[in-house]
K.L.:
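First the structure, then my questions, so here it is.
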Amino acid sequence: MSASPLADPRLIVGLDVPTVAEAEARVAQIGDEAVFFKIGYQLAFAGGLSLARDLKASGRKVFLDMKLLDIDNTVAKGVESIVGMGVDMLTLHAYPKAMRAAVEAARGSDLCLLGVTVLTSMDAGDLEEAGYASSPDQLVLRRAAQARSCGMGGIVCAAAEAAAVRQAVGPEMAIVTPGIRPAGADHGDQKRVMTPADALSAGATHLVVARPIVAAEDPAAAARKIRMEMQAV
């Protein structure tokens with residue numbers, strides 16, 4: 001079944017499941033309630049790259065959450081291969097050399113490159129433990145400015161930082177926010193979360209929602225509830 005043209009492309013459903021069969025089942029259950037799907041490490045390493053091609057062939061949109069970071073040539077060659085897949089979004093860690101290599105490799109394509117600033121599972125204590133002197137807010141803004149300078153298509157940040165990032169990067173870049181939880185939902189391992197309506201109001205352009213949809217008893221109903229909250233903003 002192809003995706004409905006009425007589905008909201010600002011909602012990205014994270015297919016954080018262990019097998020392609022489970023991912024396909026969730027996509028079927030969600031039906032017309034979503035058109036955009038994220039494939040991360042867990043699913044990619046279990047055959048999810050073939051699923052990405054199938055989703056594209058069905059008219060859906062695909063966000064590969066690979067968080068690339070390597071030497072320039074390796075990043076560039078990886079991006080070239082991903083461009084050939086025809087997916088819509090790709091993440092890499094927002095290190096300037098890696099971003100510049102990726103932007104050059106993707107030039108002329110429709111691939112939106114997203115710079116990951118600070119993971120939403122990390123807080124100030126986690127950054128200090130990793131050797132960073134900056135607070136999460138400071139590091140997010142520094143990397144967002146670098147991503148803009150490098151010509152990236154967008155930023156991945158916590159929804160709580162979306163308003164400040166929007167001011168830093170201007171109106172054109174995408175701002176993709178994971179860590180989205182409907183009111184009253186369990187936060188899981190996310191430390192910096194926000195509701196869908198608040199995230200969009202803060203300046204986010206796309207919301208990544210995984211467990212609240214894919215782990216729901218009725219994934220379609222869960223997606224519909226979030227989509228309706230988004231559309232009411």
K.L.:
Are side-chain heavy atoms of Val209 and Val13 found at a separation under 4.5 Å?
P.N.:
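SC-SC contact between Val209 and Val13 ruled out.
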
K.L.:
Under 3.5 Å, is there a donor-acceptor pair linking the side chains of Asp198 and Ser201?
P.N.:
no

K.L.:
Check whether any side-chain N or O of Arg53 sits under 3.5 Å from a backbone N or O of Ala57 as a donor-acceptor pair, and report yes or no.
P.N.:
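No, because the side chain of Arg53 does not come within donor-acceptor range (under 3.5 Å) of the backbone of Ala57.
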
K.L.:
Side-chain contact, heavy-atom cut-off 4.5 Å: Met89 with Leu64?
P.N.:
no

K.L.:
Nearest 0.5 Å, what's the CG-CG distance between Asp8 and Leu207?
P.N.:
8.5 Å

K.L.:
Where is the tightest heavy-atom contact between Leu114 and Ala174, given as atom of each residue plus distance?
P.N.:
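Here Leu114 and Ala174 meet closest at CD2-CB, 4.4 Å.
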
K.L.:
If you compare all heavy atoms of Met66 against all heavy atoms of Ile39, which two are closest, and at what distance to 0.1 Å?
P.N.:
CE-O, 3.8 Å

K.L.:
List the atom pairs, with distances to 0.1 Å, where a side-chain N or O of residues 99-107 and a protein N or O form a donor-acceptor pair under 3.5 Å, not counting sequence neighbours.
P.N.:
unit_1: Glu104; atom_1: OE1; unit_2: Arg107; atom_2: NE; d: 3.1
unit_1: Glu104; atom_1: OE1; unit_2: Arg107; atom_2: NH2; d: 3.0

K.L.:
Please tell me if the side chains of Thr177 and His206 come closer than 4.5 Å, counting only heavy atoms from C-beta onward.
P.N.:
no

K.L.:
Using a 4.5 Å cut-off on heavy atoms from C-beta on, say whether the side chain of Ile175 contacts that of Cys157.
P.N.:
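Yes, side chains in contact.
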
K.L.:
Starting at CG of Asp123, measure out to OG of Ser135 and round the result to the nearest 0.5 Å.
P.N.:
11.5 Å

K.L.:
Under the 3.5 angstrom rule, does the side chain of Thr91 hit a backbone N or O of Lys67 as a donor-acceptor pair?
P.N.:
yes

K.L.:
Is it possible for you to say whether Ile71 and Leu68 belong to one hydrophobic cluster, with membership spreading through side-chain heavy-atom contacts below 4.5 Å?
P.N.:
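No; tracing contacts between hydrophobic side chains, which count when under 4.5 Å, never links both residues.
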
K.L.:
Does a side-chain heavy-atom distance below 4.5 Å link Lys225 with Glu229?
P.N.:
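No. Closest side-chain heavy atoms not under 4.5 Å.
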
K.L.:
So with a 6.0 Å cut-off around CD of Glu80, is the heavy-atom count from everything else above 12?
P.N.:
yes

K.L.:
Is a side-chain N or O of Glu33 found less than 3.5 angstrom from the main chain of Ala223, in a donor-acceptor match?
P.N.:
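The answer is no, because no donor-acceptor pair under 3.5 Å joins these two groups.
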
K.L.:
How long is the gap from CD1 on Ile213 to CD1 on Ile180, to the nearest 0.5 Å?
P.N.:
11.0 Å

K.L.:
Output the distance between atom NZ (Lys38) and atom CD1 (Ile12), rounded to the nearest 0.5 Å.
P.N.:
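If I round to the nearest 0.5 Å, the distance is 9.5 Å.
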
K.L.:
Short question: side chain of Arg26, backbone of Val214 - any donor-acceptor pair under 3.5 Å?
P.N.:
yes

K.L.:
Within this structure, what is the CG-CE distance for the pair Leu139 and Met122, rounded to the nearest 0.5 Å?
P.N.:
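Between Leu139 CG and Met122 CE, I get 8.5 Å after rounding to 0.5 Å.
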
K.L.:
Specify the closest pair of heavy atoms between Pro96 and Cys150, including all atoms of both residues, with the distance to one decimal.
P.N.:
O-SG, 3.8 Å

K.L.:
Show the nearest heavy-atom pair for residues Ala124 and Pro136, with the distance to one decimal.
P.N.:
N-CG, 3.6 Å

K.L.:
Do Leu113 and Leu111 have side chains that approach each other closer than 4.5 Å (heavy atoms only, starting at C-beta)?
P.N.:
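Leu113 vs Leu111: side chains touch.
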
K.L.:
Could you tell me the separation between the CG atom of Leu43 and the OG1 atom of Thr19, rounded to the nearest 0.5 Å?
P.N.:
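The CG atom of Leu43 sits 7.5 Å away from the OG1 atom of Thr19.
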
K.L.:
I'd like to check Ser134 versus Leu127 (side-chain heavy atoms, cut-off strictly below 4.5 Å). Are they in contact?
P.N.:
no

K.L.:
Does some side-chain heavy atom of Phe37 sit less than 4.5 Å from a side-chain heavy atom of Arg60?
P.N.:
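They are in contact (side-chain heavy atoms under 4.5 Å apart), so the answer is yes.
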
K.L.:
What's the shortest heavy-atom distance between Val75 and Ala98, and which atoms?
P.N.:
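The answer is CG1-O, 3.7 Å.
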
K.L.:
Check whether Phe36 and Met228 end up in the same hydrophobic cluster, where Ile, Leu, Val, Met, Phe, Trp and Tyr are linked by side-chain heavy atoms less than 4.5 Å apart.
P.N.:
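No, separate clusters.
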
K.L.:
Quick one, Leu11 with Ile226, criterion side chain to side chain contact (heavy atoms under 4.5 Å, CB included). Give me CA distance, side-chain angles, the key distance, then yes/no.
P.N.:
CA-CA 8 Å; Leu11 172 61; Ile226 291 170; 4.0 Å; yes

K.L.:
Between the main-chain N or O of Phe63 and the side-chain N or O of Asp88, is there a donor-acceptor pair closer than 3.5 Å?
P.N.:
no

K.L.:
Checking Tyr132 now: which residues fulfil ring-ring contact (aromatic ring centres under 6.0 Å, His included) with it, not counting sequence neighbours?
P.N.:
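In terms of ring-ring contact (aromatic ring centres under 6.0 Å, His included), with neighbours along the sequence ignored, Tyr132 is linked to no residue.
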
K.L.:
What is the minimum heavy-atom distance between Leu51 and Ala23, and which atoms define it?
P.N.:
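Smallest heavy-atom distance, with atoms named: CD2-CB, 3.6 Å.
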
K.L.:
Just by distance, do the side chain of Arg166 and the backbone of Gly203 share a donor-acceptor pair under 3.5 Å?
P.N.:
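Such a contact is found between Arg166 side chain and Gly203 backbone.
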
K.L.:
So does Arg143 get a backbone contact from the side chain of Thr117, meaning a donor-acceptor N/O pair under 3.5 Å?
P.N.:
no

K.L.:
May I ask you to decide if the ring planes of Phe45 and Tyr41 are parallel, tilted or perpendicular, using 30° and 60° as cut-offs?
P.N.:
parallel

